[in-house]
Amino acid sequence: MMRASPARIVLYVISLLVLVYLILPVLIIAPISFSSARFLTFPPPSFSLRWYQQYFSNPAWMQATRVTLTVALLTVVIATPFGVAAAYAISQSKLRIMRLIHMALLLPLVVPIIITAVGIFFVYAKVGLVATMPGLVLANVMLGLPYVVISVLAGLQSFDPAQEMVARSLGMNRLRSFFAVTLPQIKSSVVAGGIFAFISAMDETIVALFISGGQYQPLTKRMFTALRDEIDPTIAAISTLMTAASFMLVLLASARQKRSG
Amino acid sequence: MLALVSPALLVILALIVLPVGWLAWQSIYHDGFTLENYRRVFTEDVYWRSFALTFEISLAVTAIALLLGYPVAYLANSVPKGWSILILSLVVLPFWTSVLVRAYAWLALLQRSGVINQFLRYLDVISEPLALVHNTFGTVVATVHILLPFMVLPLYATMQKIPNDLMQAGASLGASPSLTFMRVFLPLSLPGVLAGCTMVFVLCLGFYITPELLGGGRTVMVSMLVSRNVELYNQFGAASAVAVVLLISVVAIFFIVSRFVSLDRVLGQK
């Protein structure tokens, strides 16, 4: 099967080039962030931590980082129970309308994000939520919900609802039986869904561009503005930290999911 | 049970359904009903050019992603399990890097004093730096990079379901490997091609950050038209009409594709 025919060799070479194209940009950031040069030179003339220093000593970047972490944390705290409740209802109910609701909950993945962003901006402008923390959190809850719903629904697929019936026949009410029987078994997919919601909130840029402002600007909005003006290696340092953070979270989430599967 | 879904549903209704409805309303109502906004979108040159450019770029990106993604998916499907996991991990790795981070990386790679120009000058291939970024080229390179996983994953999923016996049957009937590929494997992989292309094309239609940062202001895609009408010109009606036309295009594409291939297959890959 695995004879190295000419066609096969061409296939290897093309695939290798494509994989290099995919990986190279991810790998290039870290060396730039440790470079001492003000402008991009490659390879870097010498290594230094000046761009990290610049990031950690700049009040504007620090404020933006605090906003990002707060928003991402609050998003998880709100989106996870909402998403778990919805996924549970979708999987248990035989109501016809649930199919429609299920589709509605996945809408944030389908509607082009620029449309969502502008639409939310108009609605927020009417109710005074532009440039506020609650506004930012709410928007990220909406965008994070599909990840929780998808992950928890997948977890519930391998759960046998009869177990909950047994618990209830033994006298537990529905709520207690959920927390005592069901939740421990789908815990991993709940955690994974929460982590994906966190990453989504941490990376979200376009909605923040429209609805955030003043002191409540997340990191991504400040990075976007900075990138439009000039290429400052401080952004390479921030990018490296962000990439490291999301990789660790993804590893955590997939380790969780594997255990549940 | 309805009580359990209602918090999530309320958030979705308030922040997706209501805003989109608002846009639709605003596009036809301003001190009375008007179709002026749509007339402008369909007749004025700026809008028309931007829509045309967006569809051209999306088509180009989809075609390039297919050309690059098919061999990778094919290879991942035809090697032993450990290798295919490695290949697929490399494919989804950039997926988990922020789109902004990747825009920065491409700027660092492609700009006049960037890594690629420096490398080419070092090799003496060029004497003047090439204009690789702040144009359509830079936009396409970075956009394909972001969307390629959306092409490879559905392709791989489809290829995995093609039974190996069929290829062996083809070979045992005397067909050459290339003939078996063309007559058996390729046609059977077409649902994956359709799913991947749809996903990439539709996502590309709404792209904003990449063309804004790598297009250099000349590559005005539809999403930039929307944001400029809001932020620079305060043309809310026009922005809404553009958004509605974009959304209708996306929904129409999903609708047409759903008649050929199950939508779960297209959306389930995210």
Side-chain angles (χ1 to χ4, degrees), chain A residues 7 11-12 14-15 18-19 21-23 25-26 28-29 32 39-40 42 82-83 85-86 88-90 92-93 95 101 104-116 118-123 138-139 141-142 145 203 205-206 220 223-224 227-228 231 235-236 239 242-243 246-247 250, chain B residues 1-2 4-5 7-9 11-12 15-20 22-23 26 68 71-72 74-75 87 90-91 93-94 96-109 111 113-115 118 145 148 177-178 205-206 208-209 212-213 223 226-227 230 236 239 243 246-247 250 254 267 270:
Chain A
L11 178 68
Y12 286 138
I14 292 176
S15 301
V18 173
L19 290 177
Y21 163 69
L22 277 170
I23 299 304
V26 182
I28 205 88
I29 301 279
I32 293 174
F39 297 103
L40 283 169
F42 208 86
F82 283 17
Y88 180 78
I90 289 168
Q92 299 282 302
S93 170
L95 289 177
I101 292 174
L105 294 183
L106 301 183
L107 274 179
L109 298 180
V110 186
V111 179
I113 187 82
I114 185 82
I115 296 178
T116 313
V118 176
I120 294 179
F121 168 73
F122 285 131
V123 173
L138 199 60
V141 167
M142 183 272 292
L145 268 175
D203 282 347
T205 313
I206 300 180
T220 45
M223 283 171 75
F224 181 86
L227 274 178
R228 207 157 33 174
I231 308 184
I235 298 174
S239 298
M242 279 178 77
T243 306
S246 43
F247 281 172
V250 170
Chain B
M1 283 296 146
L2 281 176
L4 281 177
V5 284
L9 193 59
V11 174
I12 297 291
L15 291 185
I16 277 265
V17 181
L18 176 67
V20 169
W22 194 296
L23 287 176
Q26 198 168 238
L68 300 183
V72 175
Y74 184 88
L75 184 69
I87 292 172
L90 291 177
V91 168
L93 186 74
W96 295 110
T97 341
S98 152
V99 170
L100 267 183
V101 173
R102 284 187 273 167
Y104 178 83
W106 281 114
L107 283 171
L109 282 165
Q111 64 167 326
S113 61
V115 178
Q118 278 185 354
H145 182 253
L148 201 47
S178 59
L205 282 184
Y208 177 66
I209 292 179
E212 186 75 91
L213 290 178
S223 52
V226 177
S227 83
V230 173
F236 294 165
L246 175 62
L247 186 61
V250 169
F254 274 134
L267 293 173
K270 177 123 186 176

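Reminder, nothing fancy here: chain letters follow the sequence lines and each chain counts from 1.
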Practice problem: Just give me the residue among B:Leu205, B:Leu213, B:Leu18 that pairs up with chain A most often, heavy atom to heavy atom, under 4.5 Å. | Solution: B:Leu213
Quiz item: Distance from A:Tyr21 atom OH to B:His145 atom NE2, nearest 0.5 Å?
Solution: 6.5 Å
Practice problem: Name the option with the most non-hydrogen atom pairs under 4.5 Å to chain A; the candidates are B:Thr97, B:Leu100, B:Leu90. | Solution: B:Leu100
Quiz prompt | Smallest separation among heavy atoms of A:Phe82 and B:Ala8, with atom names | solution = O-CB, 3.9 Å
Quiz item: So how far is it from A:Ile90 CD1 to B:Met1 CE, rounded to the nearest 0.5 Å?
Solution: 11.0 Å
Quiz prompt | Options B:Val226, B:Val99, B:Leu93, B:Val230, ranked by heavy-atom pairs under 4.5 Å with chain A, top entry | solution = B:Leu93
Quiz prompt | Under 4.5 Å from any heavy atom of chain B - which part of A:Leu138 | solution = both
Practice problem: Would you mind checking which part of B:Val91 comes under 4.5 Å of any heavy atom in chain A, side chain (CB onward), backbone (N, CA, C, O), both or neither? | Solution: both
Quiz item: At a heavy-atom separation under 4.5 Å, does A:Ala104 approach chain B through its side chain, its backbone, both, or neither?
Solution: both
Exercise. Quick one: which of A:Leu227, A:Thr116, A:Thr243 has the most heavy-atom pairs under 4.5 Å with chain B, could you say?
Key: A:Leu227
Quiz prompt | Closest approach of A:Ala89 to B:Val5 (non-hydrogen atoms, all atoms of both residues) | solution = CB-CG1, 3.6 Å
Exercise. For each of B:Val11, B:Val72, B:Leu23, B:Leu15, tally heavy-atom pairs with chain A at distances under 4.5 Å, and name the one with the top tally.
Key: B:Leu15
Quiz item: chain B heavy atoms under 4.5 Å from A:Ile120: which part of the residue, side chain, backbone, both or neither?
Solution: both
Quiz item: What option among B:Val17, B:Leu148, B:Val20 has the most heavy-atom pairs under 4.5 Å with chain A?
Solution: B:Leu148
Quiz prompt | chain B interface, residue from A:Leu11, A:Ile14, A:Leu107 that has the most non-hydrogen pairs under 4.5 Å | solution = A:Leu11
Quiz item: Tell me, side chain or backbone of B:Trp96 under 4.5 Å from chain A's heavy atoms, or both, or neither?
Solution: both
Exercise. Rounded to the nearest 0.5 Å, what's the gap from CD1 on A:Ile28 to OH on B:Tyr104? Could you check?
Key: 10.5 Å
Quiz item: Between A:Leu106, A:Val111, A:Ile113, which shows the greatest number of heavy-atom pairs under 4.5 Å with chain B?
Solution: A:Val111
Quiz prompt | Shortest non-hydrogen contact from A:Pro112 toward B:Gly206 | solution = CB-CA, 4.3 Å
Quiz item: So what's closer than 4.5 Å to chain B heavy atoms on A:Leu95: side chain, backbone, both or neither?
Solution: side chain
Quiz item: For the residue pair B:Pro19 and A:Gly119, what are the closest heavy atoms and their distance?
Solution: CB-C, 3.3 Å
Practice problem: Measure across A:Ile23 and B:Pro94 and return the closest heavy-atom pair with its distance rounded to 0.1 Å. | Solution: CD1-CD, 4.3 Å
Quiz item: Which bit of A:Ile115 is near chain B, if near means a heavy-atom gap under 4.5 Å: side chain, backbone, both or neither?
Solution: both
Self-check item: Portion of B:Leu2 that has a non-hydrogen atom of chain A nearer than 4.5 angstrom
Solution: both
Quiz item: Can you name the residues that form a side chain to side chain donor-acceptor pair (under 3.5 Å) with B:Ser227, not counting sequence neighbours?
Solution: B:Tyr208
Self-check item: A:Phe224 side, atom CZ; B:Glu212 side, atom CD - distance, nearest 0.5 Å
Solution: 4.5 Å
Quiz item: Checking heavy atoms, do the side chain of A:Met242, its backbone, both or neither come under 4.5 Å from chain B?
Solution: side chain
Quiz item: About how many Å separate CD1 of B:Ile87 and CG of A:Leu22, when rounded to the nearest 0.5 Å?
Solution: 11.5 Å
Quiz item: From B:Ser223 OG over to A:Ile114 CD1, what is the distance, rounded to the nearest 0.5 angstrom?
Solution: 5.0 Å
